[in-house]
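Taking it in order: structure first as structure tokens, then the write-up.
Please read all numbers here as calculations on a predicted model, not as lab measurements. Every chain is numbered from 1, with letters handed out A, B, ... down the list of sequences.
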Number of protein chains: 2
Amino acid sequence: MTQEQRRPTLVDVAHAAGVSRALVSIVMRGAPGASESTRQRVLEAAGELGYRPDARARLLRSNRTRLLGLTFSTSQPFHSEIVDAVYAQASAKGYDVALSAVGRGRAEERAVESLLDAGSEALILIASTLNENDLGRYAHQVPVVSLLRNDVGDHVDSVSCDDAAGIRLAIEHLTSLGHRRIIHVDGGTAVSADQRRAAFRAEMIGHGLEPLTLSGGPSEEDGLAAGQRLLALNPSAVIAFNDRTALGVMESLRSAGRNVPTDVSVVGYDDSQFARLSYIQLTSISQDAQLLAAAAVNRAVDRIENRQPLGHDVSTPHLVRRATTAAAPVSRA
Amino acid sequence: MTQEQRRPTLVDVAHAAGVSRALVSIVMRGAPGASESTRQRVLEAAGELGYRPDARARLLRSNRTRLLGLTFSTSQPFHSEIVDAVYAQASAKGYDVALSAVGRGRAEERAVESLLDAGSEALILIASTLNENDLGRYAHQVPVVSLLRNDVGDHVDSVSCDDAAGIRLAIEHLTSLGHRRIIHVDGGTAVSADQRRAAFRAEMIGHGLEPLTLSGGPSEEDGLAAGQRLLALNPSAVIAFNDRTALGVMESLRSAGRNVPTDVSVVGYDDSQFARLSYIQLTSISQDAQLLAAAAVNRAVDRIENRQPLGHDVSTPHLVRRATTAAAPVSRA
DNA sequence: TTCAATTGCTAGATCGTTCTAGATTGCTCC
DNA sequence: GGAGCAATCTAGAACGATCTAGCAATTGAA
């Protein structure tokens, strides 16, 4: 049972193929310097022995791991989508991904250090809450790319989606439907919440509308709580901090007997899997996980390989119209 | 900008403290064989230089990484809860966790191999879909613990929750409320779906009731689709494969004008964060992520350290009664 | 024919640790 | 005062890969 047998090494393969260690090494990493015939012979021997290069020895010597470190939060479904997309893009670029979760009882510092220990050549941090000092310290060791947050100082790359543009899209969509009394249920202290709140205020004022804001947060419960304070403000539309917040707001509206979208329109943010559920059909601002992930991986890899200079990508979100927004009710428009 | 300076090594610390490499090594891993005074001196020097042992070199030599490999699915929120709990328990046992996600476009084999490359000393696979052959092959290299699935053959440990007991609890809860026409919306081809379906059938028959089953799946959409076929069967209660399925079923009921729980009671499975949302309050079978995670980590660590024999833990689920179950309507009871 | 360049391969050093075996010191005990 | 022993420390060989330098054989050009 579970006969722990030593895994084969370069030496074993070399012996089996009748060549030197160095040649096997050359063949295994596809480097030039071996004839086609021996290359075949070596690969065959390796295959037969089930040889797989030892990552730690390899990187100890070469200082290359082809590993991208990625942190994410277990409680944000949108992060999960990014994780999937990062895997795909990294794999396309020939990199592997080391994952580390940030959650209750596991601080981001801890997550990051475990990624560094694993030998990550760059870090991609999703919605990091580290301060500039800490970021700078890590950036001192490897390239760091901040994803979904762009106020990160001068030592860290960032890839984010234009929050102001997203809020603007939402407001334009709603005003074009005749809404004028629009409320923003904000993200409280969450990453990006400040930007979206500020953008909402500026844009509403630009439209000559009152920038009504309720403090919320990134979860359903936050939306639910805000929803209970919502009706007193008599809104015809709500822009929520994210999809989860929107779900909470909608539930609150529903339990108060208001219909979405005939009484109140709701716009979410993230276009996460929730928004797409057939019975929710939430109109939402899409940040396109695929695109963001690809940009982050590309930045990380560019920094690692080409010594590309540090920079900040800002992509433009778009609005996905579904079933939770409609023309403003005549009485309130 | 990002002055990539070489990270300090044992040699640097040894030099700074005026001792040999070996002694620094002894101090760093807390091994006996150094006097208290030099221990202090070395630690001080290490601290000043910001020295952190190089994990790869360490494990290359020692064949110890103190790393547990963990796979999970990005799309199952219950897995996220387990991930959090595994981190906590592993940390308590002095181990770190290497995470690898299984998702669209990332096969479980790929995830597992990346964990092995990272040097995992054991693997914990959440709801693995690997066949016994593959499992055996991996178990040949390191201890493997299957979590949430127990039909895994003789070479793999397992930690699972008694599916039959869970279904029994749900049925007993419902029958005690007077329900007799209970439908199981199953998990289709998902892990554990077979066990739960079989348990449902056996237990219902044991109660002298008809074991009505609809084919479903592990997501909201599956529950929604099943929900549409549900009403024709005129049930007074539904036991869903998991919480996400239950959400879909409830939505379907709601859109058909049925009230939960006055018209139809619904029981979920997993007691995930959804079930606990204040506006959902789903009665659910709890598998206790904390407990499962702790058991899995303990098994893995026991196998690694004490060469404990392989075994299978089966924990007992419990029912968390919330707001989606009530007495059967008189007309249909 | 001879010399240089190219191709195909290998020996040995090296990465940063841990481990084994042995050296050095200081102490106790007879 | 020397044997015996524990405590403290160190030198040097691992671990499994990559990398550098160089050796042999072949090719091409003069």
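One atom, CG of Asp12(B), and another, C1' of dC15(C), lie 13 Å apart when rounded to the nearest Å. Atom-to-atom, CZ of Arg56(B) to P of dG16(D) comes out at 18 Å; the value is rounded to the nearest Å. Across the protein-nucleic acid pair, Leu59(B) atom CG and dA17(D) atom P stand 12 Å apart, rounded to whole Å.
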Identify all side-chain donor-acceptor contacts of residues 109-117 of chain A below 3.5 Å with residues at least two apart in sequence or on another chain.
{"unit_1": "Asp117(A)", "atom_1": "OD1", "unit_2": "Arg52(B)", "atom_2": "NH2", "d": "2.8"}
{"unit_1": "Asp117(A)", "atom_1": "OD2", "unit_2": "Arg52(B)", "atom_2": "NH2", "d": "2.9"}

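Nearest heavy-atom pair, Leu148(A) versus Val191(A), reported as atom, atom and distance to 0.1 Å: O-CG1, 3.7 Å.
Taking 4.0 angstrom as the limit, Thr9(A) places none of its side-chain polar atoms (N or O) nearer than this to OP1 or OP2 of dG16(D). Taking only side-chain nitrogens and oxygens, Ser35(B) never comes nearer than 4.0 Å to OP1 or OP2 of dA7(D).
Within the nucleic acid shown, Val19(A) comes within 4.0 Å of sugar-phosphate atoms alone, with no base atom in reach, counting heavy atoms only.
One side chain, Glu108(B) or Ser128(B), offers a donor N or O that lies under 3.5 Å from an acceptor on the other.
Axis deviation across the helix from dT1(C)-dA30(D) to dC30(C)-dG1(D) amounts to 50°, comparing end segments of five pairs, rounded to 10 degrees.
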- Do nucleotides 19-27 of chain C as a string where each nucleotide becomes B, S or -: B if the base has a protein heavy atom under 4.0 Å, S if just the sugar-phosphate does, - if no protein is that close. B--------
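With values rounded to the nearest 0.5 angstrom, Arg104(B) atom CZ is found 11.0 Å from Ser73(B) atom OG. Taken from OG in Ser146(B) to CG in Leu123(B), the straight-line distance is 11.5 Å, to the nearest 0.5 Å.
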